[in-house]
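Note sheet for the following structure.
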Number of protein chains: 2
Amino acid sequence: MPKASSDAPDPKAKQPRRSHAEAREAAIAQIVDIATQEFVEKGLAGARIDEIAGKATKRKIYYYFEGKEELYRAVLERAYRQVRESEAQVDIASGTAVEALRRLIEHDVHYHARHPELVRLVMNENIHRAQHLKQIAALPSRNHSVIEILAQLIARGEAEGSFRAGIDPVELHLNMTALAFYNVSNQFTFAHNFGVDMTSETALARRASQVADIIIAWVTHKD
Amino acid sequence: MPKASSDAPDPKAKQPRRSHAEAREAAIAQIVDIATQEFVEKGLAGARIDEIAGKATKRKIYYYFEGKEELYRAVLERAYRQVRESEAQVDIASGTAVEALRRLIEHDVHYHARHPELVRLVMNENIHRAQHLKQIAALPSRNHSVIEILAQLIARGEAEGSFRAGIDPVELHLNMTALAFYNVSNQFTFAHNFGVDMTSETALARRASQVADIIIAWVTHKD
DNA sequence: TATTTATGTAACGAACTAGTCCCTAACATT
DNA sequence: AATGTTAGGGACTAGTTCGTTACATAAATA
């Protein structure tokens, strides 16, 4: 059999002439990709290193990572980094404060729905009392950016006279996220218990709008 | 050593003169108690039958249950039964509809906080896409009681003129539960990420009140 | 009294699983 | 080209874990 020189996407193809540094990055990204699927599907204890990939990839895992838990932390860190990156890109400057808040909330609902893997990883982490999250040093500082965005929005809303006084940005974030998160995290038990579908585009659009209604009703009502 | 006749709560004490039926119930209740702790702590895959209790209890488990999964289902069913039983006991008749709704919501927030084992079991079940829940036949019918209670409350609120028209009882339940549930389910990641405590009595009371504010603002606002 | 039901103790084995060892190939350096 | 370094393929292993079984015994029931 002659060696065929082809650039077709053969999964078994060995990418030749790649520097060690490139190969390293590619290998790690590949491992984290596959591991994310497995951990998201079965959790930390349920995931099987052997099934994350064939024996070949298994060998790579122990070459690049200390073990199952370090791999899990890598998966977790990347998922969190991606959320924070997406959050920073929502336009909160244009329109009224109420309009900007609605945009942010609807983004949140859609982001959670489109990224169930993040939701599942966070659920898992809470089952483990955040013990792996605590070992990732980089995270705490990044979280404050969300709170600062909300604090600005609250200040603007108050200045515009639409928001009532005394809204806590952390509490606002908690309430927004709870509604966006639960819709994904508990979709299976809720759908089964109450016979509703929560995944269709229609249901999602209605949900995003309703969550925004709820939060806005709360921040704008004056008693 | 003479046999001491004592009625002190000795864990090793054998309750004599118990019928087989009584012994059976007691043994099953004991197993489910211990298994609940283990499954709540570590999830289905993480739980270890050998560590649920000593060898004696292990022997009982396989005497009364088919295996790990049937035991897990028993744990799940009991936890769900207990929620539904508690929900049916809230007074929703006295006072205005708004007052009754507030009572129901605050009960919900407190119940979730006092029963983290339920929250964790439900999280687990969602990670498994509700596959074990679906095998429990008794549940779906029980869930409709909650919805009926809410439907009555909505009708009363509309009649009293305090609620706006068109509130869906399932959506109302979804929103209430989301806020009550998230507070417990995500307490570890949220507390770590934003440096807040969510478990103190003060924090819980404030939270219960705030969740009620949010839902009531939403059902009563008229635009 | 005889029989069934329940349960305490120990041990077992088949299947599984995280992690390791050896060896070869690909790349880097001189 | 020769030698060193990095990467990984395949098999193996040491340790778990679930589920079972054997055996003894005590209590409830017929």
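In what follows, chains are A, B, ... by sequence order, proteins preceding strands, each numbered from 1.
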request  = Report the nucleotide, chosen from C:dT5, D:dT29, D:dA7, that has the shortest atom-to-atom distance to any side-chain atom of A:Arg24.
outcome  = D:dA7
note = Residues B:Ile61 and B:Ile52: closest non-hydrogen pair is CD1-CG2, 4.1 Å
All N/O pairs under 3.5 Å across the protein-nucleotides 14-16 of chain C interface:
none

Donor + acceptor pair across side chains of B:Gln82, B:Tyr111 (<3.5 Å) = no
key: side-chain hydrogen bond (donor to acceptor under 3.5 Å, both in side chains) between A:Glu125 and A:Tyr72, worked out   = CA-CA 10 Å; A:Glu125 203 39 34; A:Tyr72 176 78; 2.9 Å; yes
Whole angstrom value for the distance that separates P of D:dC18 from CD of B:Glu70 = 16 Å
request  = Using a 4.0 Å heavy-atom cut-off across all strands, classify A:Ala47 as base, sugar-phosphate, or nothing.
outcome  = sugar-phosphate
task = Please state how far atom CD1 in A:Ile31 lies from atom P in C:dA18, giving the value in whole angstrom units.
result = 15 Å
So which protein N/O to nucleotides 21-23 of chain D N/O distances come out below 3.5 Å?
none

DNA chain D: 5'-proximal contact among B:Asp50 and A:Ala21 (nearest heavy atom) = A:Ala21
base_contact_polar (D:dG19 base, B:Lys58 side chain, donor-acceptor, <3.5 Å) = yes
remark   = Per atom distances to the B:Tyr63 side chain, the nearest of D:dG19, D:dT5, C:dT5 is C:dT5
remark   = A:Ile28 CD1 to D:dG8 P, in whole Å, measures 10 Å
Contacts of A:Phe65 that satisfy ring pair (Phe, Tyr, Trp, His ring centres under 6.0 Å) - sequence neighbours left out = none
query = What's the shortest heavy-atom distance between A:His144 and B:Asn193, and which atoms?
reply = NE2-O, 4.4 Å
message = What contact category does A:Tyr64 fall into here, base, sugar-phosphate, or nothing, at under 4.0 angstrom with non-hydrogen atoms?
response = sugar-phosphate
ask   = Hey, are the side chains of A:Met176 and A:Val211 touching, using non-hydrogen atoms and a 4.5 Å cut-off?
value = no
inquiry  = How many whole angstroms separate atom NZ of B:Lys60 from atom C1' of D:dT20?
reply    = 19 Å
request  = Using whole Å, report how far CD1 of B:Ile61 lies from P of D:dC18.
outcome  = 10 Å
Euclidean distance, atom NE2 of residue A:His20 to atom C1' of D:dG4 [Å, nearest integer] = 11 Å
ask   = Does any non-hydrogen side-chain atom of A:Asn126 lie less than 4.5 Å from one of B:Ser185?
value = no
inquiry  = Show the nearest heavy-atom pair for residues B:Asp197 and B:Thr199, with the distance to one decimal.
reply    = OD1-OG1, 2.8 Å
query = Looking only at heavy atoms, what is the nearest atom pair of A:Ala45 and A:Lys68, with distance?
reply = O-NZ, 3.7 Å
remark   = Assert: residue with more 5' nearest nucleotide on DNA chain D, out of B:Glu51 and B:Glu66, is B:Glu51
message = C:dG19, OP1 or OP2 - any side-chain N/O from A:Lys68 closer than 4.0 Å?
response = no
